[in-house]
Structures are given as structure tokens and as C-alpha cells.
Student: 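Pasting a structure below so you can have a look.
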Amino acid sequence: MFNKILIANRGEIALRIIRTCKEMGIKTVAIYSKADTESLHVRFADEAVCIGPPASSESYLNIPRIMAAVEITNSDAIHPGYGFLAENANFAEICRQSGVKFIGPTPEMINKMGDKVTAKETMIKAGVPVVPGSDGLLKDVKQGIKIANQIGYPVILKATAGGGGKGMRIVTRDEEFEDAWDSARKEAKASFTNDGIYVEKYVEEPRHIEFQIIGDQHGNVIHLSERDCSIQRRHQKLVEESPSPFMTPELREKMGEAAVKAGKCINYEGVGTIEFLVDKYRNFYFMEMNTRIQVEHPVTEEVIDHDLIKEQIKVAAGHEISGKNYYPSLHAMECRINAEDVFNGFRPSPGKITSFHSPKGHGVRVDTHVYAGYSVPPFYDSMIAKLICRAQTREECIKKMQRALDEFVIEGIKTTVPFHKALMKNEAFRSGDFNTGFMNTFDMNDCNE
Ligand code: ADP
């Protein structure tokens, strides 16, 4: 087992990883930017190294500085968390060359899955269903329009390097194609310095259902069932739950089998997520793979009662997993609490938290790095807490979430708590009858209490 892990991240996930390391008897090193000197991950780690100014490019994304911190602290492994360098094959390669274990898949696996076009091609070879679309990248508008007519509108343009919902445009007719193409390319170039675009059928009224998988260094890959992440705004997840209200035992078997096949075809090592779109007829299509721990992993932890970070560290250390899949025995749901003003188009609302009380009680979990007196910096992601509830049934889980949201006090900044309260009352949500288009019809006035 590792002696000392450096956590190349910040916020709740850094804290989350430190907690598990402590339980496993592994020493921890936090790295932090000058904007994060008051962060809990800095205080809770055994050692902490300031690696630079607030800008991510100068700190959490700065590989030379992170490697210098590894060296001076004599760490033998790096946990990248999610975001930042978690899916950066170059970083994983540098770790390998420096003799430090990158807790995650190999650079080759990240490369195969990080590029969406390559990932789709890999899945087609493995016999996993994918959304119909272009064979690889589009050359120009003319070719795009031709393919769009072959597969039929509506279509979606997607950035091959995409992430966080960026570089995607829906197109419903030929006349819209060129504008969508230009703006998708521009956004992709600005976000990923890669303007490669492909096109696929826009699946209508789809569910976003993803499977958690885990693979070890001995060729075993299993799945840990699904999470439904269909409640999204601008392709970004707001609420996740497991099991999916849309799932049937037969569909779970089929999708789980496809997810394991997807992992096995690249000899996947580590925790990962296979994302699928599921249409109203319960046809499912591979969309992408995330080769890291995800924000919403606690939902799975709660329904199968296993610590996924612990499992992730164990497989990185060479531990062999059992061959059996895991199935949910409870219902869990996560609300992402962001420092955003829901009455102003979810505009970021950084600043000082003057008062903070988090909900407690049976089946309630709050993963957060904030506290009363903490200032949310404007430089990073706006997520400040994850509220996770677990109960015997979905109905009870929603009731518990409502109770927990009512208990949540966060003052000084605006948060997404009012949105989640309104969502829990929404009839379509409560009945489980929703898809990724849910937010288009959701009335934000319902957030006024
Ligand atoms: P990112 O990596 O940017 O998160 P994804 O490929 O995971 O992008 O897609 C994010 C979301 O965009 C999905 O959850 C879904 O809501 C929507 N989406 C992506 N592809 C399609 C498609 N072919 N049809 C319908 N919706 C799609």
C-alpha cells in the first residue's frame, strides 16, 4: 500500500480523499493556491504545500509545480480527484516517468477514452451500441449537412475534446447548420484548444443514465449499477440518483453488461463511468466514458455501502477485486449545492459565507469544504457542497431531502438550495417522469418560497 498520497485537487473532493486516506493509514499531502489558504483540505492533510497564485494555470493545473511538491514531500502516489488534471494523459505519463503512481488509469487508457471520437470507435469495435453519427471528425459544413440528412434531424454537434457541456450545439435544419458549426468550433477551441467537431443524432427526450465501473490490474472489470443524471442545466448535472426511476432489472442487466464490455475492451484499471443516453423505448447508446472518480460517486457509495475512493486506491496499489457486480439495495439522491443565484440565471455568487449550518440526521450526508467565515473564491468551480440522502425508497428519499434542504442554512452568498427545494416539490420529478430536457419546462418562479 502507498505510504503518502499527494492530492492534486481542492475543495470537497480533496477533503473527501484525505478522509479515506486517514482511515487507511496513508499519510496525505495537500497542495493549495494562494486563494485557498483557509481551505479545510489544507488544514486536514498531514502536510500542505502552497504551489502558486489563484489562477488554476498557475496552481492546480501547473504540472511542474505539482511535481516539485511531490518531490519535496516524498509522496509515492498522486490522487487527481475530478476536474483539473484528472483526465490529462500527459500528467499521468509524467507521473509514470517520475515513478509516482497516478491513481487512475494509464495514459494510454485516458487517451483512448478522452477523445470522444476515438472512444466511440473503440466502443463500436467492442460491440457496444453508440449514437448514430459521423465516422470520425467532420471536415466542413457541407459534409456535416450531408450526414445530418442521412441520419435525420435533429442532430447535435459535439466537440471531440468536450467536457462540462461545452462545444455542443443542437441543429434542427440545414439553415441552422453553419451558425451552429461556427459557434461550436469557437467554443471548443477556446475551452479545449481543439476544435475537432463530430455530429450525431440528437436523441429526443433521453435519459442520461451512467454506469459506475471498476477495473483492477488483473483484468477484472465489474459494474456497480447506475446513476440517473437526467436533471441537468445546459448539459451540466444538478441532481443525481440511484437507482434510476426508469430502470428495469432487464435493462440494468443489458446496460451493465455493455458497461463491463466497454471497460474490458481497454483492460480498464481504476474507477470509471460509462455514460449512456436512453431513449423512451429504453434503447441505450454509449455517449462517453469518464476515466476518473466523479462528483456524483457518493450516490453509488450510499446504495451499495462501499467507499469508492478506498476501492480506487486499493486497485491502484494492485489489489484484486472480486468478480461480482453490485446492485443497489437502497435509494440515494444527491443535490449539488452551488454558489449561484438561481433568480439570476444561475450566475456565480462567490463571497464570504457569514453563517453555515448543514443538515444532519439519519441517512443524510454532506460533503463540503466550506464553513461559516469561509470565503468562496471566484476562481474555481462554484460547487460548495453536495447533499446526499439515502432511504429505503425513492419517495422516502425525496422526503428526507426536503427535510434536509429545509435545515440547510447558508448565509452571505446565494446558493442553489431554493432550486432544489422547488424541484423536490415538482410533480414530474416526484413521479420519476423526466428526461434531460426537464429544465426547459421547469418554472423558475417555483423557487420563490
Ligand atoms: P460533456 O462531456 O461535455 O459532459 P456529454 O457527451 O457527456 O458531454 O453530454 C452531456 C449531455 O449532453 C448529456 O447528458 C445529454 O443531456 C446531452 N447530449 C449529448 N449528446 C447527446 C445526443 N446525441 N442526443 C441528446 N442529448 C445529448
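Predicted, not measured: the structure shown is a model, and the values here were computed from it. Counting starts at 1 for both ligands and their atoms, in listed order. FYI, the numbering just counts along the sequence from 1.
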Student: Does K158 have a heavy atom less than 4.0 Å from any atom of ligand 1?
Tutor: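 K158 counts as a contact of ligand 1 under the 4.0 Å cut-off.
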Student: Please check whether G164 reaches ligand 1 - meaning an N/O of the residue sits under 3.5 Å from an N/O of the ligand, judged on distance alone.
Tutor: yes
Student: Could you pull out every donor-acceptor pair under 3.5 Å between side chains of residues 80-98 and any protein atom, sequence neighbours left out?
Tutor:
| from | atom 1 | to | atom 2 | distance (Å) |
| --- | --- | --- | --- | --- |
| Y82 | OH | E12 | OE2 | 2.5 |
| E87 | OE1 | R292 | NE | 2.7 |
| E87 | OE2 | T291 | N | 2.9 |
| E87 | OE2 | T291 | OG1 | 3.2 |
| N88 | OD1 | N90 | N | 3.0 |
| N88 | OD1 | F91 | N | 2.9 |
| E93 | OE1 | R96 | NH2 | 2.7 |
| E93 | OE2 | Q97 | NE2 | 2.8 |
| R96 | NH1 | E108 | OE1 | 3.2 |
| R96 | NH2 | E108 | OE1 | 3.4 |
| R96 | NH2 | E108 | OE2 | 2.7 |
| S98 | OG | I94 | O | 2.7 |

Student: Which part of Q232 is near ligand 1, with near meaning a heavy atom under 4.0 Å away: side chain, backbone, both or neither?
Tutor: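 Answer for Q232: side chain.
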Student: If you take the nearest heavy atom of each of K116, H235, E275, which one is closest to atom 1 (P) of ligand 1?
Tutor: K116
Student: Could you identify the single nearest non-hydrogen protein atom to atom 26 (N) of ligand 1 and state the distance to 0.1 Å?
Tutor: Y202 CE1, 3.4 Å
Student: Could you find the nearest protein heavy atom to atom 22 (C) of ligand 1 and give me its residue, atom name and distance?
Tutor: L277 CD1, 3.3 Å
Student: So which of K166, E204, M168, K237 gets nearest to atom 9 (O) of ligand 1, if we judge by its closest heavy atom?
Tutor: M168
Student: Do ligand 1 and E288 have nitrogen or oxygen atoms that lie under 3.5 Å from each other?
Tutor: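 It does: an N or O of E288 is found under 3.5 Å from an N or O of ligand 1.
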Student: Enumerate the atoms of ligand 1 whose separation from the nearest heavy atom of V203 is less than 4.0 angstrom.
Tutor: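 Reading through ligand 1 atom by atom, the close ones are 22 (C), 24 (N), 25 (C).
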Student: Using 30° and 60° as the class boundaries, would you call the ring planes of F442 and F438 parallel, tilted or perpendicular?
Tutor: tilted
Student: Under a 4.0 Å N-O cut-off, is there an ion pair linking E275 with K237?
Tutor: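 Between K237 and E275 there is a salt bridge, with a charged N closer than 4.0 Å to a carboxylate O.
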Student: Do any nitrogen or oxygen atoms of G165 come within less than 3.5 Å of a nitrogen or oxygen of ligand 1?
Tutor: yes
Student: Taking only heavy atoms of G163 into account, list the atoms of ligand 1 that are under 4.0 Å away from them.
Tutor: 1 (P), 2 (O), 3 (O)
Student: If you measure from the Lys or Arg side-chain nitrogens to the Asp or Glu carboxylate oxygens, is any gap between E296 and K386 under 4.0 Å?
Tutor: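 A salt bridge is absent here (no side-chain N lies under 4.0 Å from a carboxylate O).
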Student: Find the distance between CG (L138) and CG (D140) and round it off to the nearest 0.5 Å.
Tutor: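 One gets 8.0 Å once the value is rounded to the nearest 0.5 Å.
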Student: Does D228 pair with R207 as a salt bridge, N-O distance under 4.0 Å?
Tutor: yes
Student: If you look at every heavy atom in I103 and A77, which pair is closest and at what distance?
Tutor: CD1-CB, 4.0 Å
Student: Identify, by atom number and element, the atoms of ligand 1 in contact range of H208, meaning under 4.0 Å from any of its heavy atoms.
Tutor: 13 (C), 14 (O)
Student: Determine the minimum heavy-atom distance between P298 and V295, stating which atoms define it.
Tutor: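 Here P298 and V295 meet closest at CD-O, 3.2 Å.
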Student: List every atom of ligand 1 that sits less than 4.0 Å from any heavy atom of G162, numbering the atoms from 1 in the order shown and giving each element.
Tutor: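 Those qualifying, in numeric order: 2 (O).
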Student: Can you list the ligand 1 atoms lying under 4.0 Å from a non-hydrogen atom of T436?
Tutor: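 Those qualifying, in numeric order: 16 (O).
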Student: Name the residue from I214, L224, T20 that meets the side-chain contact (heavy atoms from CB on, under 4.5 Å) definition with L308.
Tutor: L224
